[in-house]
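Beneath this line is the structure, given in structure tokens, with notes to follow.
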4 protein chains.
Amino acid sequence: MTTAPATPSAGTKRERRKEARPGELLEAALDLFVEKGFAATRVDDVAARAGVSKGTLFLYFPSKEELFKAVVRQNIAGRFEEWSHELETFEGTTGELLRHCYLVWWERIGATKASGITKLMFSESQNFPEITVFYQQEVIRPGQDLVRRILRRGMERGEFRGVNLDYAVHVVMAPMIFLMLWKHSMGACMPDALELGPEKFIDAQVDNVLYGLCARPETGPFAPALSSPSLPSSPSAV
Amino acid sequence: MTTAPATPSAGTKRERRKEARPGELLEAALDLFVEKGFAATRVDDVAARAGVSKGTLFLYFPSKEELFKAVVRQNIAGRFEEWSHELETFEGTTGELLRHCYLVWWERIGATKASGITKLMFSESQNFPEITVFYQQEVIRPGQDLVRRILRRGMERGEFRGVNLDYAVHVVMAPMIFLMLWKHSMGACMPDALELGPEKFIDAQVDNVLYGLCARPETGPFAPALSSPSLPSSPSAV
Amino acid sequence: MTTAPATPSAGTKRERRKEARPGELLEAALDLFVEKGFAATRVDDVAARAGVSKGTLFLYFPSKEELFKAVVRQNIAGRFEEWSHELETFEGTTGELLRHCYLVWWERIGATKASGITKLMFSESQNFPEITVFYQQEVIRPGQDLVRRILRRGMERGEFRGVNLDYAVHVVMAPMIFLMLWKHSMGACMPDALELGPEKFIDAQVDNVLYGLCARPETGPFAPALSSPSLPSSPSAV
Amino acid sequence: MTTAPATPSAGTKRERRKEARPGELLEAALDLFVEKGFAATRVDDVAARAGVSKGTLFLYFPSKEELFKAVVRQNIAGRFEEWSHELETFEGTTGELLRHCYLVWWERIGATKASGITKLMFSESQNFPEITVFYQQEVIRPGQDLVRRILRRGMERGEFRGVNLDYAVHVVMAPMIFLMLWKHSMGACMPDALELGPEKFIDAQVDNVLYGLCARPETGPFAPALSSPSLPSSPSAV
DNA sequence: TATGAATGAGCATTCATTCAT
DNA sequence: CATGAATGAATGCTCATTCAT
């Protein structure tokens, strides 16, 4: 109090605590939201896990919903810019890029607690419209845009067929989302092949997805169902 | 219609009501469980929607959990026997069988309210262990067994490659489950390509899945990741 | 149905059932009231144990309270006349009469389910005033009158000291009532010396009671506290 | 009063309230439990009588059962240590000690609301096994142990006959328990001699009990029924 | 800044009684 | 006579949010 601290951001122990509070609360909230879901998580428990009182939590976050939004921002929404940059600087075929994205996505989201947030949103979006709107704007749309840019890159380079992007985005994301949801619901309750080795599952999915997307001389035995109805997939689409 | 009553079991008006009650309650419960989820559905609302008092509901179902189980039995679990029989009498290639299954599954489950039950289970299994156990025994296991039998049929006939069944089951089911979950969560809140035409999405997924499964002379540019690790499916996989 | 029954009271099997109904209901009610108490006994259970429907019970007894009153009348209140007569025809000393009364009381009430009714009344009288009034008029008062007559007999014959009847009645009844209440509450939950041999307890109590009542030349080391305050029983009590 | 606060522990008005709350709730709960019994007492009413909301009650006591246990601890169970000490320091004959105990017991328990708890336990033990176990461990057993020690003291000093302790304990306690139960059930509903002057009743009972217990040269006209069957207390008892 | 005591609406389940058949 | 379907008021317990200190 009497002597000025060298670094103004973190002086006394108490002040350092004060600055750390939001982070500790967010970490505790992430844990509990992932474990119990949004509605079933009690703010008392979040505060207790962060080592503060319930009142203090409401000092930093005006409501349970705002607390959740902050968790989403810190763990997912706030990282899209970095990912977007990584995507732009990637060199190599778009097939390689897509495979790379699957892998890093698994490392950074799928295998971490962040995946629990996706599960939570799928579970409770109906009952909390305000959160859902926020999540769509901050996560879903940026995420789909990222995938769209990959697909366009492939199509512009002639590596992918001309496909209806709205469908293709879901084809690309479906296996990853399924993996997260399974892991945080049924997979948590029953012994399962996915439990220990999701990499194999991802590998198979990437192969299948790439097969559906890649430009091929002949269509083979399978119908080109990904094709945009108004934009036939034939060479003219390239 | 003119001579004898169609339903001989119901004489008086009251008896007809009594026989209809369970069905009316189950329908109301299905609607609300699908709309709100298990925890957020109030039994008062179920009773009100069925046109009876809260007490009457407990006359037919001893608890909210048992009510839910009855809904699951009527809409999903009770129909596996029929599906199993259809599977056995199918004639044609296993690829055609799989495509057929995707279609009828979409007609009977995916496009109906029954799909909401799957979404509900993925959402709330963590918080209601007793229901989860019931669902795994009555739905998940029989469903996976059905898929396993299809895959075995393909492998025994030489139509499919030798694959690790535990993974392949998930590869087959993932797109359908994703479709249900999306439809009942994000899809219900935002405009989406899947909303109106999921058939196209299904088509694309069937193609991809069949590509991964079908026996081919050469493996092409993609690694055969579906192969069982202990039972390599082809020399080139080594 | 076609031939008239010889005894008009019990003809066809159905009619015999009809006449037996109240008795079967009363027996079932006694069992359950004793086991659970008044409030905790459900009329559904009474009807079910009697083999009839809930509606039928209300056909014979207009309410749960009336059902209970009927149980009391059949098992206790209706038997005072007989006991009163037995008391009048007894020959022997009043001490012997009192001991005799303790024994037959134990046989007919204390050791039977009827004792459970006393326990029930002590337990729930506060919450059911109407029943309590009934019980006081039909059971408590007649019972106390019986004891009073015994005590008066002893005093008139010079066998007992002059005592305040209002207190003496309680002194006589207290051990028996205690025995019933213990048996149906704590005794039912914990191993206890009273459980198997209440006769010994009764013996001891009779001795003590008689000691306090009997006329004695000298009062011994103990104050004659039973004496009526206005009518000192002996000079030493002054 | 004017200078320093009497209670140094409570600073602000709020803190004083907080410290007083449990006591206020316990007092309100004691009143209502005694008046209505355990099952018939609504927690809302307890809270209202203490001047707080229902939620506040559950802030201090996690359930109705725990609230009741706390009431028992405060009013009975927590005072055995003090009583035990009083017993050890008593000087005089064991007959005097017993009479003394009856009197102080009446002052501290019998004449206070605490006696209502005993009545409650006798009434509802069957329906609430968990509470019953607690009560037996915390009240019944310590109470019986106290009586046992008095009886042993009398036997060791040669003042009392050799008796079966298991029965004698009940003989000693029966009159007091009867008094409590009567007062809180029938006595509360009908005019009664015990209502205003239980001391006289107690006096009579003490005399009778002491008569049964005290060592006497000859057994008199009454059988020594208190004697332990396997351990005859004196040659004359054979 | 931090606390934590207080609130009160919300919810699954029970049960005596009624009455149409 | 007999049924049993229907009712609806009653109750213990939870939890996000507020606010006095």
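Every salt bridge (charged side-chain N to carboxylate O under 4.0 Å, His left out) that Arg42(C) has, sequence neighbours left out, goes to Asp45(C). Legend: residues meeting salt bridge (charged side-chain N to carboxylate O under 4.0 Å, His left out) with Glu130(C), ordered by chain and number and at least two apart, are Lys69(C). The salt bridge (charged side-chain N to carboxylate O under 4.0 Å, His left out) test applied to Lys113(A) returns Asp31(A), not counting sequence neighbours. Residues that satisfy the side-chain contact (heavy atoms from CB on, under 4.5 Å) test with Ser53(A), not counting sequence neighbours, are Thr56(A).
Panel note: side chain His184(B), backbone Gly116(B); a donor-acceptor pair is recorded below 3.5 Å. Counting only distance, with no hydrogens or angles, the side chain of Asn127(D) and the backbone of Lys36(C) share a donor-acceptor pair below 3.5 Å. A donor-acceptor contact shorter than 3.5 Å links the side chain of Glu124(D) to the backbone of Ala39(D).
Looking at the side chain of Lys54(D), the nearest of the listed nucleotides dA16(E), dA9(E), dT18(F) is dA9(E). Of the candidates dT13(E), dT7(F), dT7(E), the closest approach to any side-chain atom of Ser53(D) belongs to dT7(E). Candidate nucleotides dT7(F), dT17(E), dA12(E) were compared by shortest atom distance to the side chain of Phe58(B), and dA12(E) ranks first.
Each of Pro62(C) and Ser63(B) lies near DNA chain E, and the nucleotide nearest Ser63(B) is the one positioned closer to the 5' end. Between Gly55(A) and Leu59(C), the residue whose closest nucleotide on DNA chain F is further toward the 5' end is Leu59(C).
Phe38(A) and Phe33(A) have parallel rings, their planes meeting at less than 30° on a 0 to 90° scale where 60° marks the start of perpendicular.
Taking only side-chain nitrogens and oxygens, Thr56(D) comes nearer than 4.0 Å to OP1 or OP2 of dT7(E). Note on Lys64(B): a side-chain N or O is less than 4.0 Å away from OP1 or OP2 of dA12(E). The phosphate of dT1(E) (OP1 or OP2) has no side-chain N or O of Tyr60(A) nearer than 4.0 angstrom.
Whole-Å rounding puts the Leu57(B) CG to dG8(F) C1' distance at 14 Å. Rounded to whole angstrom, the span from the CD atom of Glu65(C) across to the C1' atom of dT17(E) amounts to 13 Å. Rounded to an integer number of Å, the gap from Leu32(A) CG to dA16(F) C1' is 15 Å. Note: CD (Glu24(C)) to C1' (dA2(F)) measures 14 Å, nearest angstrom. Distance, Asn127(C) CG to dA16(E) C1': 16 Å, rounded to whole Å. Between the CG atom of Leu25(B) and the P atom of dA5(F) there is a distance of 13 Å, given to the nearest Å.
Once rounded to the nearest 0.5 Å, the distance linking CZ of Phe134(C) with CZ of Phe128(C) reads 15.0 Å.
Sorted by residue number, the list of members of residues 33-47 of chain B with any non-hydrogen atom under 4.0 Å from DNA chain F is empty.
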Notebook entry, point to check: Please, what dot-bracket string fits DNA chain E when only Watson-Crick and G-U pairs with both distances under 3.5 Å count, crossing ones use [ ] and pairs to another strand use |?
Noted result: .||||||||||||||||||||
